[in-house]
Every structure is written in structure tokens, then in C-alpha cells.
Protein chains: 2
Amino acid sequence: MFPKTIAWQDNKVLILDQRQLPAKEVYLECADAAAVTEAIKEMAIRGAPAIGIAAAMGLALGALGITETDYPSFYSELNKICDSLKGARPTAVNLCWALARMQGVCEANEAKPVEAIKGLLVAEALAVLEQDIAINKQIGANGATLVPARATILTHCNAGALATGGYGTALGVIRRAWEDKKGIQVIATETRPLLQGARLTCWELRQEGIPVTLIADHMAGTLMRQGEIDLCIVGADRIAGNGDVANKIGTYTLAILAREHEIPFYVAAPLSTFDLTIKTGEEIPIEERDPSEVTTLGGRSTAPEGVAVRNPAFDVTPHRYISAIVTEDGIIRPPFEETLVRFRGADGR
Amino acid sequence: MFPKTIAWQDNKVLILDQRQLPAKEVYLECADAAAVTEAIKEMAIRGAPAIGIAAAMGLALGALGITETDYPSFYSELNKICDSLKGARPTAVNLCWALARMQGVCEANEAKPVEAIKGLLVAEALAVLEQDIAINKQIGANGATLVPARATILTHCNAGALATGGYGTALGVIRRAWEDKKGIQVIATETRPLLQGARLTCWELRQEGIPVTLIADHMAGTLMRQGEIDLCIVGADRIAGNGDVANKIGTYTLAILAREHEIPFYVAAPLSTFDLTIKTGEEIPIEERDPSEVTTLGGRSTAPEGVAVRNPAFDVTPHRYISAIVTEDGIIRPPFEETLVRFRGADGR
């Protein structure tokens, strides 16, 4: 079975510290919202759906810690915690989506005692987690129809159980194809600088015996040229109204390579990853992370001290490079500007 | 000034151990051909022109160690050393080129005493080094004409002083553009798995104060899309008769990205890198190196133990992606199948 990424236990949030994988399986015990915010910021937990769940649980923890008993004061304190969680990472929209959902529960129950609202918020955070797993399984079922028998599938970064409540989005599709005994195998890009492909995707797939081969990111072109890749599938951190996809840096490069070699390039993501309030990917904020992620590895220097560095954590892949987007509600195909409209209702935004 | 990559001193070959850069500047003292072969194999010295020089010097060292005094025995021993040096790395043709040149000197002086031939071989190896530096400077002068003022230039791996006798091929062009006060800056890809871009190119450029920014390999697409790259220039390990270029893995990916963004993609290489005995890049042997290069970094594990790995050290970029090839004899432009014919004579092969 897939690893437990995040759990609620005795009014604490347990987070599998992914920075330590695959060497160690260690759970952080977060007792308050600030600890969860820090875990998101420092990428102990990462992946768009997973940080949505973490934010919901962090807000529930925060709610439990609020001492005010009148609704307006409680609501005001809750919003402050929301703002701080929202600031943890800017690109994945699932974080905002989960917090908005939690705030909605609070607002809808304004008339109830604050203690009751706290209980409802905890229940809602747990529902976000449970629903995410169910959604991933549906994404997996929908996406597996795109996977031919004996396919070699390239994936980037980690859009797996570790990036979600469980099962995964892109890796959910791969899992389901594997469960369906399609005889697939996976090529995982290592995903510099933080090596989520090498450390997390390889670890996760090997735990289930799904054949996986690791490559350095820029080897993908050569493998495609040699006919060794049948399809690509990645996750997403935010999808704009026209189908432009923000995802882990390097996704754009892979999408161009896939088109150059006439290989399908699929994105798998829950509807909570869609941000239909923005028209194109140009409007998606791209997080630039600390240079030391590129110049060091495991505390060891990999470059001359003081060298200038660019370290965008994400890139935007224009919709024209994307063959289809797999969601829990079905497979969306181009032209996305038209087909995405149908999903506006489903998304509720 | 640029660092001294390799030198002949007191009948020993001094090789700057590039595996230890940028942390330490340590020279290996090679007293015989076997030590030089090992230094090439283990990449203490790397870069097509540099391993050509190392092979020539290694063969000269080997010649000095031959005890036979009659020509046929001497020649036979010399050929054995040649074969072992040739086997050190398969992709860069400069290694074979340099050894063929040394063998030619031996054969042309068959009538002389063996001790005299030994002296001529040492002199020839030193000439290979000196000529390489002069050739690089001419490549730099020719290539700099392609560089607009204030250009941001992307380069991959290290085709610098460290990859040659000195000055560099791709970095020779960059050096010359800098010396010409064109106000350029460089984007260096880190070049996984062995990080020659991060460790060597950044180090080399910073020593001369040429502005350089380090990126992870797969960030190049995003920078191109944002209009931040004006041109790309890389070195080569072998160039086929039709202009197909074997170079460090990842070059092919960058060439596709450059064409997608309408950015010129240049290759800088001495004529000794051309292998006009082969028609296309399909015939170039591609070295596959040890998986541990991908799964470890600085001795630390970066992936689950035992994971399958692909680790081709080079890739082949089809000529249709290449805007021009800069040589010491001038700039070769497409259609390469026609324009390369003119260089057949110059190359002497």
C-alpha cells in the first residue's frame, strides 16, 4: 500500500518528513498551525493536493488553539491563521482552495457555538483528506484508459501518494495501470534541485514493485529520440482557465520534448487544482526558492561559493503542449478554452 | 588567466584533478601511460580536446618507458599502449586523432634510432598541447563575431580551458567576447550527473570575473521562454560528416529548446573533433557510465538503493538543430552535408 503522507491524531497533525526520504521515515508532530506552516514552507510536505490537506489540517489545529469564544473574534483569529498558511507557498492553488473551503464551513455555521464550529472544522479537514484519496483513485481510473499495454511512462517530480492524501495523481494513473496488469514501466526524472523524482517517486514505486528507472532530467530527450518513452504524465500545481499548467520546474522542457517526438503529454490533477479565476498561466505566481537548493546537496557544496543562481520552483507549460488533462470528473481534451468551461460548475468557482 | 589543465614536467604528466574542483586544486602526477589512461577513464581530466592532449602525452610517457631498442619491437609496444589509451573513453574522437598523429610521427621516423623517436614523440605531444591553445584562441576569435553586445549566453557542461589545453572552445568564444568588452553574461547549466557546469564552468568563469549564473539543467526552457537567453554555445566530442554532433548528455534537449524559442544554437570545436569517416551521428559510440554517478553526489546517496538507472554520458544532436559550427578555420553553416566537404582537406582525414 502507499505511504501515509499526513494524518490527524490526538489533535496533532503527523507529517511524513519527505526531506528525509528515502533514507529515513520520520513523522513530524505538529501541535499548532505555525508548525504546519513551517512544514509546508520548508517542504517537509509538498505536492499541490498534499499541501491543501496540510493547510486544512493546520487551520483546524489553529482553530482548536483560539481562546476567543464569541464568533466575530474567533472568525477574525481564524482569518489571521489562514493568511499565514496562505503565505507558506504561492504557486499551488490547492492551498487557497482548501482554506477557502474551511472558511466556508466556519461561515456557514456562524450561528453555532464556537466549540461546535471547531469540531466541524476538524471534521472538514479530515474530509478533505479522505475525499482527496477517493478523487485520486478516480483520476487513476480515468487516466489508466489512456495507458496502452506495456507502455513506458515518463513522469517528473513526484505526483504520487506522497504529493497527495494517498494514491497520487500522475502516479495514481500509473498505479491503476499497474493494478490493471498492463505490464507498464516508469522512467522517473530525478528532478533537480530537490530530487523528488529520485528520492520520492523511485521510493514510492519500488515499494509496490512497479518497475522504475531513474534518469537525470536532461536525459529525457535522448530516451524519447530512441523511442523508449510511450507517454508522459505529470501532476499540476495550478491550471489556468485556458489550460496552461504550472507544475514543477522542468515540466515545460519535457512538454516541448514530448511534442517534438510526437509523444502524448498528459497532466493529472483534481479539479481543486484549477484556478478558473485566471485566464492564462502568465498570471500564476512562480515561487523562486533559495539558491542554496541548487548549490548544495545534503549540506555539501556542488558549486563555487557565492555563484549567482536562478531557482524557480515551477514553470508554466502553455496549453498547446498538453494532450489532455485527467481529472476525477473525466478527461479534458483540447481546445481547453472551450472544454474547461464545462468544468466551471463542477469546480464551484 | 585560465587554469593549467595539463602539463609535461620532468618526464611526468601533471593533470589538474577536475573531480576535486572547485573545492581543491590538486595535480595528479602521472609517471606512466597507465596512470594517464586511468585519469582519462575516471575523468580526472575530461573534455574532448583535453583528453586528446592527455592521450598524446600518455603515449609519449609510454614511449619513454619502452625498453626495446629495435624499431619493430618499439613500434609494437607503442601500439599496445595506444590501444589501451584508446579504450579509456569511446565517444570523443580527439583521443583517436591525437594517437593517430603520434603514431604518424613514429612511422615517419622509422629510420631514426629509437631514442630519437622517443624525443620526437615527446616534442609532438607538447606540440599537440601548444597548438590546441592556439586553435582555441582562433575558435574564440571566429566565434565572437556571432556574439552580439550584451548577449546572455547559455552553455552546457564545460567546454572551457579545463576541457582543452587552455582557453576553451565554447568558453573560448565567451572569453573572447568578454575580452572584446561586449558586456556579455553567461548562464551555466549544472550538468548532471557530474556537475561539470556547476563545478568547472562557474569556477573557470568566476576566476576571470565573467558574470555567470547557475541553473539546474531543466530550467533552460523557462529562461528561454522568458526571453532571457540570446544564444547557446556548446562544445563537441565528435562531429559526423553530416554535421550531427555528439556532446555531453543534455545537449540534444537544449538544442530542441533553442529551436522552439528561435534562439541560435552554436557548436564550437576544433577540426580534430570532426570524424568525416562516419556519415551520421548514428554511428557514434555513446558511452554509458556507472549508475552510481546518478544515484550519488559527493559520496552521498540521492536515490533508493538498487534503483535501476540509465546514464548515457553523451547524446547526439542532429545537424538540423545546429545553427553553425565554429572551428579554427572559420564558421561552418548549414547545409552541413555540403559545407563540411570543404573541410575534409583541412582535417586531413
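The basis for the numbers below is simple: all heavy atoms, side chains too, and nothing from hydrogens, waters or symmetry mates.
For chain B, the option among A:Cys202, A:Pro291, A:Pro193, A:Ala188 with the highest count of heavy-atom pairs below 4.5 Å is A:Cys202. The candidate from A:Leu200, A:Leu21, A:Asp217, A:Leu195 with the greatest count of non-hydrogen atom pairs under 4.5 Å with chain B is A:Asp217. Among B:Thr222, B:Ile215, B:Ile286, the residue with the largest count of heavy-atom pairs under 4.5 Å with chain A is B:Thr222. With chain B as partner, the option from A:Thr317, A:Leu205, A:Val307, A:Val294 having the largest number of non-hydrogen pairs under 4.5 angstrom is A:Val307. Annotation: maximal heavy-atom pairing with chain A below 4.5 Å, among B:Thr201, B:Leu254, B:Asn311, B:Thr253, occurs at B:Thr253.
Ring centroid separation for the pair A:His261 and B:Tyr252 comes in under the 6.0 Å cut-off.
For the pair A:Arg310 and B:Glu190, the salt-bridge criterion is not met [side-chain N within less than 4.0 Å of a carboxylate O]. Between B:Arg225 and A:Glu282 there is a salt bridge, with a side-chain nitrogen of the basic residue lying less than 4.0 Å from a carboxylate oxygen of the acidic one.
The nearest pair of heavy atoms linking B:Ala198 to A:Pro304 is O-CD, 3.0 Å. For the pair B:Thr302 and A:Arg199, the tightest heavy-atom approach, listed with the atom from each and the gap, is O-CG, 3.4 Å. The minimum heavy-atom distance between B:Gly306 and A:Arg206, with the atom names listed, is O-NH1, 3.3 Å.
With a threshold of 4.5 angstrom between heavy atoms, B:Glu228 approaches chain A through side-chain atoms but not through N, CA, C or O. The parts of B:Asp315 that come within reach of chain A are both its backbone and its side chain, each placing non-hydrogen atoms under 4.5 angstrom from that chain. In this structure, chain A has a heavy atom under 4.5 Å from the side chain of B:Gln226, while its backbone stays farther away. In this structure, chain A has a heavy atom under 4.5 Å from the side chain of B:Pro22, while its backbone stays farther away.
No side-chain donor-acceptor contact under 3.5 Å links B:His218 to the backbone of A:Thr251.
Inter-residue side-chain proximity for B:Thr213 and A:Val309 is flagged as unmet; no heavy-atom pair is nearer than 4.5 Å.
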Side chain to side chain contact (heavy atoms under 4.5 Å, CB included) between A:Glu260 and B:Arg259, intermediate numbers included: CA-CA 11 Å; A:Glu260 185 76 10; B:Arg259 197 171 69 168; 3.3 Å; yes

